[in-house]
Enquirer: 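So that we are looking at the same thing, I have put the structure below in structure tokens.
Just the heavy atoms: all of them, side chains too, but no hydrogens, waters or symmetry mates, feed the values below.
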Amino acid sequence: MNDQPIPAQTEEADDPPFGFVPLVDSSASERLSGPYYVRLDKDAPAIGFRVQRRHLNRAGMCHGGVLATLADMNITPINRSHDLAEVNPTISMSLDYFAPVLLGQWVEAQPDILRRTRNILFSQCVLTADGVPSVRASVVYRIGRPRDAEKPPAGAA
């Protein structure tokens, strides 16, 4: 293992595949771990990113926490098409890592909704790196308030 830090690059090309557009409504933490791109195709929605040097761990592979962040965000491309809330907190998530993800690879997750109740959404996805399955994720979300619902006044419980 190399004990030298990997130097940060200020400019690295993302070059997302055709059909992917930048995720514009990102939180500060998502901007730090991204940038992310979404494909809003109704039949095959997906979210992905290109592995850059800043995503690598000391072993030179994409850090598992970066991949977990993408798995947690697998709900993003389906929020609007399934009439979900703006914020759907994660209740639980489990991941199985079975192949390394390397510098320059395109990583994407295609969400699959397993079941939706009034308040809970059960989903799964497989993260692929240049088309090779690398991580399997199971994620459960609490369905938040609908987008068009009025927000409670400040200070209200």
Enquirer: Looking at Ser94, is its backbone amide N or carbonyl O close enough to the side chain of Ser138 to form a donor-acceptor pair, meaning the two atoms are under 3.5 Å apart?
Expert: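 Between the backbone of Ser94 and the side chain of Ser138 there is no qualifying donor-acceptor contact (under 3.5 Å).
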Enquirer: Do the side chains of Leu23 and Phe49 get nearer than 4.5 Å, heavy atoms only?
Expert: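 In short, these two side chains do not touch, never coming nearer than 4.5 Å.
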Enquirer: Tyr37 side chain to Ala46 main-chain N or O, any donor-acceptor pair under 3.5 Å?
Expert: no
Enquirer: Please determine whether residues Leu70 and Leu56 belong to a single hydrophobic cluster, defined as Ile, Leu, Val, Met, Phe, Trp and Tyr linked transitively by side-chain heavy-atom distances below 4.5 Å.
Expert: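 Yes; tracing contacts between hydrophobic side chains, which count when under 4.5 Å, links both residues.
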Enquirer: Minimum heavy-atom separation for Ala137 and Ala71, please, with both atom names.
Expert: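 Shortest heavy-atom separation between Ala137 and Ala71 comes out as CB-CB, 3.6 Å.
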Enquirer: Would you compute the distance between atom OG of Ser123 and atom CZ of Arg116 and round it to the nearest 0.5 angstrom?
Expert: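 It is 12.5 Å, given to the nearest 0.5 Å.
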Enquirer: Please find the pair of heavy atoms, one from Tyr36 and one from Val66, that lie closest to each other, and give the distance.
Expert: OH-O, 4.4 Å
Enquirer: Assess the side chains of Asp14 and Gln52: does a donor N or O sit below 3.5 Å from an acceptor N or O?
Expert: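 On atom types as modelled, these side chains qualify, holding a pair under 3.5 Å.
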Enquirer: Measure the CG-OG1 distance between Asp72 and Thr90 for me, rounded to the nearest 0.5 Å.
Expert: 3.5 Å
Enquirer: Where is the tightest heavy-atom contact between Cys62 and Asn57, given as atom of each residue plus distance?
Expert: O-ND2, 4.2 Å
Enquirer: Can you check whether Leu102 reaches Met61 side chain to side chain, under 4.5 Å on heavy atoms?
Expert: yes
Enquirer: Do Val140 and Val135 sit in the same hydrophobic cluster, where Ile, Leu, Val, Met, Phe, Trp and Tyr count as joined when their side-chain heavy atoms come under 4.5 Å apart?
Expert: no
Enquirer: Got a second to check how far Glu108's CD is from Cys125's SG, nearest 0.5 Å?
Expert: 10.5 Å
Enquirer: Measure the CG-CD1 distance between Leu40 and Ile47 for me, rounded to the nearest 0.5 Å.
Expert: 9.5 Å
Enquirer: Group every Ile, Leu, Val, Met, Phe, Trp and Tyr by side-chain heavy-atom contacts under 4.5 Å, then state whether Trp106 and Tyr97 land in the same group.
Expert: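 Hydrophobic grouping puts Trp106 apart from Tyr97.
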Enquirer: Measuring only between side-chain heavy atoms, which start at C-beta, is Asn88 closer than 4.5 Å to Leu121?
Expert: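 No, every pair of side-chain atoms sits at 4.5 Å or beyond.
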Enquirer: Side chains of Val107 and Ser134: closer than 4.5 Å at any heavy-atom pair?
Expert: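 SC-SC contact between Val107 and Ser134 ruled out.
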Enquirer: With a 3.5 Å distance limit and no angle check, can you tell me whether Arg50 reaches the backbone of Gly104 through a side-chain donor-acceptor pair?
Expert: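 Yes: the side chain of Arg50 pairs with the backbone of Gly104.
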Enquirer: Would you name the heavy atoms of Ile143 and Thr117 that are closest together and state the gap between them?
Expert: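 Smallest heavy-atom distance, with atoms named: CD1-O, 3.6 Å.
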Enquirer: His63 side chain to Arg54 main-chain N or O, any donor-acceptor pair under 3.5 Å?
Expert: no
Enquirer: Is it the case that one hydrophobic cluster holds both Val139 and Phe122, taking links as side-chain heavy atoms less than 4.5 Å apart, direct or via other members?
Expert: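 Different clusters.
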Enquirer: For the residue pair Thr128 and Gln110, establish whether any side-chain heavy-atom pair is separated by less than 4.5 Å.
Expert: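 Not in contact.
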Enquirer: Should Leu67 and Leu32 be counted in the same cluster of Ile, Leu, Val, Met, Phe, Trp and Tyr side chains packed under 4.5 Å apart?
Expert: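 No; tracing contacts between hydrophobic side chains, which count when under 4.5 Å, never links both residues.
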Enquirer: If you look at every heavy atom in Ala129 and Gln105, which pair is closest and at what distance?
Expert: CB-OE1, 3.5 Å
Enquirer: Can you confirm whether more than 12 heavy atoms, excluding those of Arg136, are under 6.0 Å from its CZ atom?
Expert: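 No, not enclosed.
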Enquirer: Quick one: salt bridge (Lys or Arg N to Asp or Glu O under 4.0 Å) partners of Asp15, sequence neighbours excluded?
Expert: none
Enquirer: What are the two closest heavy atoms between Arg142 and Asn119, and how far apart are they?
Expert: NH1-CB, 3.0 Å
Enquirer: If you round to the nearest 0.5 Å, how far is OH of Tyr141 from CD1 of Ile120?
Expert: 12.5 Å
